[in-house]
Amino acid sequence: MEHKIIFAGPVGAGKTTAIRTISDIEVVSTESRASDDVSKRKETTTVAMDYGTLDIGAGQKIHLYGTPGQERFSFMWDIITIGGLGLVLLLDNGREDPLADLEFYARAFRPFIRKSAMVVGVTRMDIKARPGLYSYHTKLSELGIKAPVFEVDARERNDISVLLQALLAMLDPGVKR
């Protein structure tokens with residue numbers, strides 16, 4: 001059985017890094033030199049998608065798709081979510097207003113979230129501790145969304161594994177982990 005999981009969130013939240021961290025194959029990436037405000041944060045940015053796979057045993061494989069974070073590439077979001085099982089929303093706590101980012105992406109992906117499930121991973125909490133996880137839960141509740149929220153480091157395989165396990169458990173408590 002094969003599953004498709006989508007990674008979304010703002011530029012620099014760790015989507016590409018997370019997929020590279022957990023993928024069993026070399027990640028197919030559409031990184032391009034950043035040419036706008038993004039270049040102040042990082043040299044390259046995803047312009048179409050990232051793709052990797054993860055074998056979870058018993059003949060089960062997860063296809064990992066990372067969306068571009070910039071709104072100008074949002075046409076890719078709908079394309080990438082087709083056939084998707086669930087959403088991993090990564091948020092950068094070091095950004096100016098990560099709760100506004102949460103609301104923006106939750107609204108942008110709402111049709112997909114309604115028919116699947118979502119987990120939230122908050123990166124860079126070691127750089128900026130506030131808002132805390134409780135604030136993310138509160139914002140999700142205001143939006144009418146039930147989703148677990150985790151502090152994660154996108155470079156740590158175990159952290160990304162926990163996100164995926166939580167998502168799979170929400171979707172099908174019987175799925176092998």
Side-chain angles (χ1 to χ4, degrees), residues 1-34 38 41-70 73-95 101-102 105-106 108-109 112-113 115-127 147-177:
M1 177 166 278
E2 301 198 357
H3 310 286
K4 178 179 178 183
I5 293 180
I6 305 353
F7 284 71
V11 171
K15 300 175 299 291
T16 300
T17 301
I19 292 172
R20 284 185 178 144
T21 297
I22 199 82
S23 180
D24 291 330
I25 64 167
E26 187 172 332
V27 172
V28 175
S29 185
T30 60
E31 292 282 306
S32 185
R33 190 164 200 64
V38 172
R41 293 182 54 84
K42 54 191 259 186
E43 284 186 31
T44 62
T45 189
T46 301
V47 295
M49 69 174 182
D50 296 311
Y51 172 75
T53 63
L54 176 63
D55 185 344
I56 57 174
Q60 295 188 77
K61 182 185 286 191
I62 300 174
H63 296 272
L64 311 163
Y65 287 84
T67 66
Q70 295 179 64
F73 297 120
S74 63
F75 65 92
M76 290 298 301
W77 301 349
D78 290 335
I79 295 167
I80 292 172
T81 57
I82 294 170
L85 194 62
L87 180 72
V88 174
L89 179 60
L90 291 178
L91 299 165
D92 176 353
N93 216 47
R95 284 176 50 98
D101 291 338
L102 169 60
Y105 286 93
F109 285 90
F112 179 63
I113 296 166
K115 64 181 185 176
S116 61
M118 176 176 77
V119 296
V120 177
V122 183
T123 62
R124 297 196 174 92
M125 289 193 79
D126 56 329
I127 309 274
V149 181
F150 299 90
E151 177 181 348
V152 298
D153 182 332
R155 301 165 297 186
E156 293 294 328
R157 186 175 178 88
N158 189 58
D159 286 8
I160 305 310
S161 177
V162 166
L163 286 174
L164 294 175
Q165 288 177 44
L167 184 62
L168 291 173
M170 289 171 63
L171 292 163
D172 181 0
V175 77
K176 291 272 187 198
R177 291 184 285 287

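All values reported here derive from a predicted model rather than from experimental measurement. In what follows, residues are counted from 1 in the order of the sequence shown.
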Self-check item: Side-chain heavy atoms of D92 within contact of V11, under 4.5 Å
Solution: no
Quiz item: Rounded to the nearest 0.5 Å, how far does CG of L89 lie from CD1 of I113?
Solution: 7.0 Å
Exercise. For residues S161 and I56, determine if any side-chain heavy atom of one lies less than 4.5 Å from a side-chain heavy atom of the other.
Key: no
Quiz item: Side-chain contact, heavy-atom cut-off 4.5 Å: T17 with R155?
Solution: yes
Practice problem: Tell me, with the steps shown, if N158 and I160 meet side chain to side chain contact (heavy atoms under 4.5 Å, CB included). | Solution: CA-CA 6 Å; N158 189 58; I160 305 310; over 6 Å; no
Quiz item: Within the distance-only criterion (no hydrogens, no angle test), does the side chain of K115 pair as donor or acceptor with the backbone N or O of L85 below 3.5 angstrom?
Solution: no
Quiz prompt | Non-hydrogen side-chain atoms of I22 and I62 separated by less than 4.5 Å | solution = no
Quiz item: Rounded to the nearest 0.5 Å, how far apart are CZ of F7 and OG1 of T67?
Solution: 10.5 Å
Quiz item: Between F150 and V120, does a side chain to side chain contact (heavy atoms under 4.5 Å, CB included) hold up when you go through it step by step?
Solution: CA-CA 6 Å; F150 299 90; V120 177; over 6 Å; no
Self-check item: Passing candidate, side-chain contact (heavy atoms from CB on, under 4.5 Å) with L167, options L87, V88, V162
Solution: V88
Practice problem: Show your reasoning for whether salt bridge (Lys or Arg N to Asp or Glu O under 4.0 Å) applies to R95 and D101. | Solution: CA-CA 9 Å; R95 284 176 50 98; D101 291 338; 2.6 Å; yes
Quiz prompt | P10 to K15 - nearest heavy-atom pair and separation | solution = O-NZ, 2.8 Å
Quiz prompt | M118 CE to M170 CE distance, which is reported to the nearest 0.5 Å | solution = 8.0 Å
Quiz item: Do L91 and T123 have side-chain heavy atoms sitting under 4.5 Å apart?
Solution: no
Self-check item: D159 side chain to A154 backbone, donor-acceptor under 3.5 Å
Solution: no
Exercise. For D50 and T16, test the side chains for any donor-to-acceptor distance below 3.5 angstrom and give the result as yes or no.
Key: yes
Quiz item: Do W77 and Y65 make the cut of ring centroids closer than 6.0 angstrom?
Solution: no
Quiz item: What distance do F112 atom CZ and I80 atom CD1 have between them, rounded to the nearest 0.5 Å?
Solution: 11.0 Å
Exercise. Working to the nearest 0.5 Å, report the span between CG of N93 and CG of L102.
Key: 11.0 Å
Quiz item: Do you know the tightest heavy-atom contact between A18 and L90?
Solution: CB-CD1, 3.9 Å
Quiz item: Is the closest side-chain heavy-atom distance between Y51 and L64 below 4.5 Å?
Solution: no
Quiz item: Do L54 and S23 come within less than 4.5 Å of each other through their side chains, counting heavy atoms only?
Solution: no
Self-check item: Test item: H3 and H63 side chains (from C-beta on) under 4.5 Å apart, heavy atoms
Solution: no
Quiz item: Quick one: NZ on K4 to CD1 on I82, what's the gap to the nearest 0.5 Å?
Solution: 7.0 Å
Quiz prompt | Ion pair check, D55 and K61, cut-off under 4.0 Å | solution = no
